[in-house]
Amino acid sequence: MAQTCSGSSAAADPSRSGIERASAFFNAASAYNAIAAAGSASALCASPGACSQMALSLLDQSLTSQQDNQVSTTGSATQVAINKRFILRRMLERSRALRGVANSGTGNASCGTRNSCLTDAAALLSSISVDIPPASEAPEAARLGCEILDTRWRVNSEIGREREYLYVEDLRRLVSACPDDAAAASDQLAEISFERAERVKEDLVKADPLPSIEASLGAITDYRDTLDTDRFQLPANRGMGAVYQALAKRDPAGTRTYLESAVAAYRNAVTLSASGTPAERAGDYEHLGTSLLSLSKVSGAPGSTERLALSQQAASALQDSINLAPTPARYTLLGDAYEDTGQCTLAIPAYQAGIPGLTGADKISTILSLSSAYDVCGQPDLALQTLKQANAEGDVSADVRYEIGRKEFDKGNFAAALTALRAAESGLNGMQAAEANYMMSVAETITHPDGWQKNALEHAERAVSLNARSRAYNRQACLATILKGGKTVKDGSAVARCPGSGEPEASLLRGMFFLKQAQSMDVSAYNLASQTQWRSILRAAENEFANGLKALADVSDHERVVWFDDLQADVDLAARLQQGQKVIQRCNREITLGPQDPVWNDLNAFYGHYGVLKCS
């Protein structure tokens, strides 16, 4: 047909009219376009691209033979309709030929570059207002309208995503008005929605800045739009699960709702992947388990039936994942789930199975979790041994050393605690750094290594600077100040380290500071001013002890006894405040009290320990 229509008996016959030659060239071009669309070489052209270029050349000759404005638009309605359809069909075939040339990779195309050819193809059809009548009333017009929509969306899609709004509209019209094209167009719309959602999902992992919450919710909508298409049901549910998990981290107000939706999406994925590979199914079970685990942490109170049920479901899903395709990370997650259910005896072997295959931060985190599980199971020695073994094997981290130090501290091994915490300190921050400095200050006070007084004070002050609200930290800073003494105690400028708050404990500590200050003063029997100042400092101490005893009347029984870490003992505030008054009386020589007295040992164990039993 292509040769016949373009040959000497048709398009090339000079005796034929312009409309006849134009029609013949058009028909020949249509045939070449059909050959190009078949996608294989033929006897007429060496390649599909060559066929498309030939079609484009024939259409140029068709237009030369008769321009669009030369086609008659008068006469009978039937003839006018035929002529108008000829104009549209010629524009359509030219657009198809341009598209074929653009996508053929031809280097010497008459329309220029690929983008130029596609832009020309789109421009031909862009101005056409496609009216598709019912096929039963005007089958030719309906078929032509559908062909124009089909070609136009493809051309605009190939130009780029910036024209998405155009080709999506054409695809929607194909779905609604072109029954023969509806299924393919629906599938293409689903693919566009899916790819758009996938781009947002990928950006949630690696983009900077991250997509907005609105864009993320838009991705959920796009995924939902694909669920009626079989090939997208499984990947769309997986994608929704991933986006919901990301939203749960970014939007705290909706965390629980997002996680519930993630669980629902991954449950669907588990069902839909029933015939998939073990590796794929294992991934779906893993994501379901992690979503359930995250949901459990924001559902109900700790230890509640609701939270326990979700953790148990998570453990079940993660076990299914391991049964299909075990990995170290999945064993760790299973351990977390068992630990959340209180089943430490099951968490321990899960963590143990995961650790050998892990490296870096993941391995350290799992080692810490294993140690914690031993603690929960009432095996503190194994908890500490686990950490020490990891440290000895080179899995060194500030967190591991911190935990070693904390556990040694709790066991009363203060020298070992000090060694571990010193090694950890530079890698800690926040509350860990505050607690480490507090423990180091206490350990320095107890073990008395070289420079302990200076170091104990520095660590205590560091702890307070990181968390000024901790009563224990402030107490230790005051005691370390008293123990170090020195110029700032002698001149009273360090008294801010023992602030007065009106509470019994604060009065005891402040009274002890004034005793230390009085003891540090230079008092001369020949200098009345020095004696007067010394007595005023003792009165300040006496007033603090008296105020503390008075304040005890307003506190509960459990507040009358305070644990001092550096003494490793409970301190009875009433007894120590009363003893403080006796120290004042002794210094004022109102009473005689010495090592020969029965109460001396107890008095010396506290006031002597802090170096405030002497009078000057």
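Computed from a predicted model, the values in this text were never measured in an experiment. As a basis for the values below, the full set of heavy atoms in this structure was taken, side chains included, without hydrogen atoms, waters or symmetry mates.
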How would you list, by chain and number, every residue that makes a side-chain contact (heavy atoms from CB on, under 4.5 Å) with Asn323, sequence neighbours excluded? Gln319, Asp320
Can you list the residues that meet the salt bridge (charged side-chain N to carboxylate O under 4.0 Å, His left out) rule with Asp150, with sequence neighbours excluded? Arg154
Applying side-chain contact (heavy atoms from CB on, under 4.5 Å), can you list everything that pairs with Thr386, at least two apart in sequence or on another chain? Ile367, Leu370, Tyr374
Asp375: salt bridge (charged side-chain N to carboxylate O under 4.0 Å, His left out) partners, not counting sequence neighbours: Lys407
Side chains of Asp222 and Arg196: closer than 4.5 Å at any heavy-atom pair? yes
Which residues pass the salt bridge (charged side-chain N to carboxylate O under 4.0 Å, His left out) test with Asp187, sequence neighbours left out? Arg231
Any idea how Phe194 and Tyr223 line up, ring-wise: parallel (<30°), tilted (30 to 60°), or perpendicular (>60°)? perpendicular
Mind checking what makes ring pair (Phe, Tyr, Trp, His ring centres under 6.0 Å) contact with Phe409, not counting sequence neighbours? Phe414
Partner residues of Ala135 under the side-chain contact (heavy atoms from CB on, under 4.5 Å) criterion, sequence neighbours left out: Ala142
Test item: side-chain donor near acceptor, Ser441 and Gln476, under 3.5 Å: yes
Short side-chain donor-acceptor distance under 3.5 Å, Arg330 and Ser321: yes
Give every residue pair that meets the disulfide (SG to SG under 2.5 Å) criterion with at least one member in residues 360-423, sequence neighbours excluded. Cys344-Cys377
Checking Asn467 against Tyr438: is there a side-chain donor and acceptor pair closer than 3.5 Å? no
Are the side chains of Leu509 and Asn474 in contact, using a 4.5 Å heavy-atom criterion? no
Of all pairs that satisfy side chain to side chain donor-acceptor pair (under 3.5 Å), the ones with a partner from residues 233-244, not counting sequence neighbours: Arg224-Tyr244, Asn237-Asn268, Arg238-Asp284
Partners meeting salt bridge (charged side-chain N to carboxylate O under 4.0 Å, His left out) with Asp450 (sequence neighbours left out): none
Listing request: all disulfide (SG to SG under 2.5 Å) pairs with a residue in residues 177-278, at least two apart in sequence or in separate chains. Cys146-Cys178
side-chain contact (heavy atoms from CB on, under 4.5 Å) filter on Asn413, not counting sequence neighbours, yields Glu408, Lys411, Ala416
